[in-house]
Amino acid sequence: MRGILRRFLPCTLAARTAVFLLLALMAVQAAGLTIHALDRVDLQRAAMERETSARVFTLWRSMVINPPDRRAVMLAEMELPEGLEAGLDSLPWVRSGMLPAPPPVLRMVRPEILLGGPPRWRAREVQAGMGFGTLYVSALLPDGSQWVNVKLRMPPLRPWHSETFLIAFLLMTAAAALLIVWATRRLTRPVSDLARAANALGRDVNAPPMPEDGPLEVATAARAFNTMAERIRRFVGDRTQMLAAIGHDLRTPITRLKLRAEFMEDEEQRAKMLSDLEEMEAMVNATLAFARDDAAAEPSVPLDLAALCRTVLDEAADARPDAPAETFAYEGPERLTVRGRPIALKRALANLVANALNYGNAARVVLVPPQGGQIQLRVEDEGPGIPEESHEAVFQPFRRLETSRNRETGGVGLGLPIARNILRAHGGDVVLRNRPEGGLLAVATLPA
Ligand SMILES: Nc1ncnc2c1ncn2[C@@H]1O[C@H](COP(=O)(O)OP(=O)(O)OP(=O)(O)O)[C@@H](O)[C@H]1O
Ligand SMILES: [Mg+2]
C-alpha cells in the first residue's frame with residue numbers, strides 16, 4: 001500500500017503539497033455541494049407534495065360536486081401532472097396484499113384531507129397502499145357509488161441532475177488548482193534555493209551568500225546558512241594560513257641545517273643528510289604552493305577543456321624532449337566549453353599527466369563529451385599501475401608508494417590530493433582504476 005502510494009506520489013515538495021491540498025479541497029467541495037443537493041431534494045419534494053396534493057384535492061372536489069353521469073367526462077378532461085393517474089371504479093385499486101404506504105410518501109397525496117371537510121364532501125372510506133414504487137390511494141365517494149382511484153408513480157429524486165452542479169464543481173476546482181499550484185511553488189521555492197546554495201558552497205567556499213529576505217522562517221534559515229558558510233570559510237582560511245605559516249617557518253631552520261651539514265666530516269653521512277634536507281625543503285615548498293593556490297580566489301570563467309588538455313600535453317612534451325611523440329596522445333572533441341577556474345584545472349590535469357609520465361611512461365588523455373550531466377576526462381598510462389587497496393590511499397597528502405620513493409621521480413606526494421581538491425571544488429572528482437591491459441587510469445569528472 002505504501003509502495004503504491006510512493007509510486008504515484010509526485011516527487012517534488014510543491015507538487016505533493018498541491019496534490020494534497022487539491023484532494024482536500026475536492027473533498028470539501030463535494031461535501032458542500034452534497035449538502036446543497038440534499039437541500040434541493042427537500043425543496044423538490046416539498047414542491048411536488050404541494051402540487052400533487054392540490055391536484056388530487058381538485059380532482060376529488062370535481063368528482064363530488066358533479067353528478068355521476070358527468071364524472072367520467074370530467075375525469076377525462078382533467079389535466080394531471082406527470083406520474084399521476086386517476087380513474088373511477090366500482091372497486092378500489094388498493095389491493096389487500098399491498099404494503100402500507102410510509103408517511104413521507106403518503107404526504108404526497110394527503111388522503112386525510114379527503115376525510116375532512118363538510119359531510120357532503122367527506123370520503124366514506126380511504127385506502128392507501130404501495131406496490132412497486134407506486135402509491136395507490138382509493139377513496140369512496142360520499143354517496144358510496146364509486147371509488148375515486150389515484151395512482152402516483154413516485155418520480156426519482158435527482159439531486160445531481162443539474163448541469164450547473166458539474167460546471168460549478170469543475171470551475172471551482174480549476175480555479176483553486178491554479179491558485180494552489182502557484183502558491184505552493186512560491187512557498188517551496190526557498191527550499192530549492194537553499195539546496196542550490198548548499199551545492200554552490202560545496203563547490204566553492206567563497207560562493208556568494210544567500211539573500212536574507214522573504215518570510216521570517218526563510219530569512220532565518222538563510223541567515224543561519226550564511227553564518228554556517230562564513231564559519232566554514234573562516235575555518236578553511238585559518239587552516240590554510242596555519243599550513244602556510246608552518247611551511248614558511250620551517251624554511252629557515254632547513255636552510256640553516258643545510259649549511260651546517262656542509263661542514264660534516266663523513267662524506268656519506270653528509271650526502272644522506274643533504275638529500276633528506278632537500279626532500280624536506282621540497283615538501284615545504286609544495287605545501288606553501290598548495291596553501292598559496294588555495295588562498296588565491298581565481299574567478300570561474302568559461303574555458304575550452306579540449307584546448308586545456310592539448311596545452312598540458314604540449315607542455316609535458318616540451319619538458320621531455322627525448323620522449324617519442326606517441327608518448328603523448330589526446331583523444332576527444334575539438335572544443336568543449338565548461339565553466340571553471342582555468343589555472344586550477346590546468347594544475348589538476350598537469351598533475352595527473354605528470355604522474356602518468358613519471359610512473360607509466362606515457363600519457364593518453366581522453367575527453368568524453370557530456371553524458372548524463374557529466375564530463376569525463378581520462379588519463380591513461382602504460383606503467384605498473386597501483387594495487388587496488390592503495391587507490392584511495394594515494395590521495396592522502398604526502399602519501400607515496402614505497403616502490404616509487406626514489407629521487408628520480410622526485411615528487412613529494414601532493415599531486416593527487418591537489419588534483420582531487422581542485423576537481424571536488426568544481427563539483428567533480430577524480431578516482432583511480434587499473435586498466436585490464438596494464439597501466440593506471442585516472443578518471444576525472446566535471447559537471448557539464
Ligand atoms: N600513474 C601512476 N602509476 C603508478 N603509480 C602512481 C601513478 N600516479 C601516482 N602513483 C603513485 O601515487 C603516489 C602519489 O602520487 P602523487 O601525484 O600524489 O604524488 P607524487 O607524484 O609522488 O608527488 P608530486 O605529484 O607531489 O610531485 C606516487 O608517489 C606514486 O607512487
Ligand atoms: Mg605526482
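Position 1 is the first residue of the sequence, and the numbers go up from there. Every number for a ligand or one of its atoms is a count from 1 in the order of the listing.
His391 contributes a side-chain N or O that, together with a main-chain N or O of Ile386, makes up a donor-acceptor pair within less than 3.5 Å. Listed for the Asp381 side chain is a donor-acceptor partner under 3.5 Å among the backbone atoms of Leu440. Looking only at distances, no side-chain donor or acceptor of Asn434 sits under 3.5 Å from a matching main-chain atom of Gly385. In this structure, the side chain of Arg16 engages the main chain of Pro10 through a donor-acceptor pair within 3.5 Å. Looking at Asp304, its side chain never comes within 3.5 Å of a backbone N or O of Arg335 through a donor-acceptor pair.
Of all protein N/O/S atoms, those lying under 2.8 Å from the Mg ion (ligand 2) come to 1.
Note on Arg55 versus Glu51: salt bridge recorded, some NZ/NE/NH1/NH2 to OD/OE distance being below 4.0 Å. A salt bridge is absent between Glu262 and Lys258: the closest approach of a Lys/Arg side-chain nitrogen to an acidic carboxylate oxygen does not fall below 4.0 angstrom. Taking a cutoff of 4.0 Å between a charged side-chain nitrogen and a carboxylate oxygen, Asp429 and Arg420 qualify as a salt bridge.
The residue from Leu441, Asn355, Asn358 that puts a heavy atom closest to atom 9 (C) of ligand 1 is Asn355.
Atom numbering of ligand 1 starts at 1 in the shown order; those under 4.0 Å from a heavy atom of Arg400 are 20 (P), 22 (O), 29 (O). With ligand atoms numbered from 1 in the order given, ligand 1 contributes 1 (N), 2 (C), 3 (N) to contacts under 4.0 Å with heavy atoms of Asp381. Which parts of ligand 1 touch Leu401 is read off a 4.0 Å heavy-atom cut-off, strictly below it: atoms 29 (O), 31 (O). Within ligand 1, counting atoms from 1 as listed, the ones closer than 4.0 Å to a heavy atom of Val394 are 12 (O), 13 (C), 18 (O). Ligand-side atoms of ligand 1 in range of Leu440: 1 (N), 2 (C), 7 (C), range being under 4.0 angstrom from any heavy atom. Of all atoms in ligand 1, listed by their number and element, those nearer than 4.0 Å to a heavy atom of Arg399 are 13 (C), 14 (C).
Close N/O approach between Gly360 and ligand 1 is not found [any backbone or side-chain N/O within under 3.5 Å]. Any N or O atom pair closer than 3.5 Å counts here, and Pro384 shares no such pair with ligand 1.
The closest side-chain heavy-atom distance from Leu257 to Met280 is not below 4.5 Å. When side chains are defined from C-beta on, Val353 does not count as touching Cys309, because their heavy atoms never get closer than 4.5 Å.
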- When you look at Met264 and Leu274, which way does the side-chain contact (heavy atoms from CB on, under 4.5 Å) test go after all the steps? CA-CA 10 Å; Met264 274 176 84; Leu274 280 175; over 6 Å; no
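In this structure, Gly413 counts as a contact residue of ligand 1, since one of its heavy atoms falls inside 4.0 Å of the ligand. Assignment of Gly385 to the shell around ligand 1 is supported, since a heavy atom sits closer than 4.0 Å. A heavy-atom separation below 4.0 Å is found between Pro417 and ligand 1. The closest approach between Ile386 and ligand 1 falls below 4.0 Å for a heavy atom of the residue.
The number of heavy atoms from other shown groups lying within 6.0 Å of CD1 (Ile343) does not exceed 12.
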